[in-house]
Protein chains: 2
Amino acid sequence: MKGKDIILGILSTSDKTGYEINDILQNQLSYFCDGTYGMIYPTLKKLEQAGSISKQEIIQSGKPNKNIYSITDKGQREFAEYLSADVAPSTFKSDFLLHLFFGADLPKEQVEKLIKEELARKKGQLQQLLDNYQMWQQQGISQTQLITVNYGIVQYKAVIEFLQSQLDELN
Amino acid sequence: MKGKDIILGILSTSDKTGYEINDILQNQLSYFCDGTYGMIYPTLKKLEQAGSISKQEIIQSGKPNKNIYSITDKGQREFAEYLSADVAPSTFKSDFLLHLFFGADLPKEQVEKLIKEELARKKGQLQQLLDNYQMWQQQGISQTQLITVNYGIVQYKAVIEFLQSQLDELN
DNA sequence: CATCGCATGTAAGCAGTTACATGATTTG
DNA sequence: CAAATCATGTAACTGCTTACATGCGATG
């Protein structure tokens, strides 16, 4: 699961500019992958040079010009290959858990603060997913996409409930 | 949350060799961070050069010699600083979800296979955590560590239950 | 008049991965 | 006798992050 796979995936559904790809990444896919402009534009360039995607320049007045990228047949084959390949193990990195794990000597208030902050972050992320969910329900969403959204929702809800219970127990 | 922070955290509780650090990383902390020898040894070297940890060489016969690392006062201060700093956002990357999200055209059997495999992986990870849990109960575990373990368990259980329900629905 | 949205890109650097290299002892 | 365990390390590479650079129009 590299930047390349994510971008080919997004372009496999419809043509997009780098800016729009970033938007999708930040707002719709952020619960299971990430990416920044610093990754997106160089990756688009490489994919174009490799012939996996093609670029169409749109001259705009008033706004900056934009490049709309489309996936080519070669790109489609490449992405199909990725889809049929083995699933790479997922990674979860939590600085919050590292703090807690090695923070045995932390004062109670500090622990409480850590948990409260994590709770707020998770609630925010859940809300973002729920907002997307509504948008998707209107726009239409595939059966498999629905599974991924619910995967995220279920995971967030479980964690939020757990953190809340820990906070209650602390008092 | 860099390799440096993880290693200082491990050494803040007791002296360890690089080999033992790897073992802890793979078996006890793997549900929220990772690391390989290629990261561990260079990081230990840098930390020693910076005076954050110190090395004691143990000559062994029959086995390879080993270097036992201890955290220094400077390292302890460094780690305390890390602990009191802001918590970095967590990251979750799932190749499984990327496959599902863009695999709208995947045949039903393929989707079922994907979910079954993910289910098996998650069950394995949960089992590892539960095994650790038992070990920790015997060895003793801090209150904050207990929270982190339960965080992991709750998260895994929620995902496993969800995947199982999706599998049932598919048939 | 400041900030947000639209829009694209590069360059330097870093943290970590992968692959390689070595080797004795113990266990199945 | 093969594989696992103990044990350490380097070198090349890669993939991404961070910071920088630009600029107009609309919104508040």
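Note on naming: letters A, B, ... go to the chains in the order of the sequence lines (proteins, then strands), and numbering restarts at 1 for each one.
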### Derivation of the side chain to side chain contact (heavy atoms under 4.5 Å, CB included) call for B:Asp5 and A:Phe102
CA-CA 10 Å; B:Asp5 304 314; A:Phe102 291 114; over 6 Å; no
### Query
How long is the line joining CG of B:Asp5 and C1' of C:dG16, in whole Å?
14 Å
### Distance in angstrom units between A:Asn65 CG and C:dG9 P, rounded
10 Å
### Task
Check whether any side-chain N or O of B:Lys4 sits under 4.0 Å from OP1 or OP2 of C:dA15, and answer yes or no.
no
### Query
A:Lys2 has a side chain; which of C:dG23, C:dT10, D:dG15 sits nearest to it?
D:dG15
#### Entry: Over 12 non-hydrogen atoms of neighbours within 6.0 angstrom of CD in A:Gln137
yes
### Query
Considering only C:dT8, C:dC6, C:dT17, which nucleotide approaches the side chain of B:Met39 most closely?
C:dT17
### Task
Whole angstrom is fine here: how far is it from NZ in B:Lys46 over to P in D:dT8?
18 Å
### Query
When you check the side-chain N and O atoms of A:Tyr31 and A:Thr148, is any donor under 3.5 Å from an acceptor?
yes
### Whole-Å distance separating the OH atom of A:Tyr37 from the P atom of C:dG5
11 Å
### Task
Would you mind reading off the distance between A:Leu44 atom CG and D:dC16 atom P, rounded to a whole angstrom?
13 Å
### Query
Mapping B:Ile68 and A:Gly3 onto DNA chain D by nearest heavy atom, which one lands closer to the 5' end?
B:Ile68
### Task
Just say parallel, tilted or perpendicular for the rings of B:Phe96 and A:Tyr151, cut-offs at 30° and 60°.
tilted
### Between C:dT8 (C1') and A:Lys63 (NZ): distance, integer Å
15 Å
### Summary
Assert: residue with more 5' nearest nucleotide on DNA chain C, out of A:Lys66 and B:Thr43, is A:Lys66
#### Entry: Nearest-angstrom distance from the residue atom CD of B:Gln60 to C1' of D:dT8
12 Å
### Summary
Heavy-atom closest pair (B:Ile115 atom, B:Leu163 atom, distance to 0.1 Å) is CG2-O, 3.8 Å
### Query
What distance separates B:Tyr19 OH from B:Ile24 CD1, expressed to the nearest 0.5 Å?
12.5 Å
### Query
Between residues 6-30 of chain A and DNA chain C, which residues have a heavy-atom gap below 4.0 Å?
A:Thr17, A:Gly18, A:Tyr19
### Query
The side chain of A:Asn67 lies closest to which of these nucleotides: C:dG9, D:dG15, D:dT10?
C:dG9
### Query
Which sits closer to the 5' end of DNA chain D, B:Lys45 or A:Pro42, going by the nucleotide each is nearest to?
B:Lys45
### Query
What's the OH-P distance between B:Tyr41 and D:dC6, to the nearest Å?
12 Å
### Query
Who pairs with B:Glu112 by side chain to side chain donor-acceptor pair (under 3.5 Å), at least two apart in sequence or on another chain?
B:Lys116
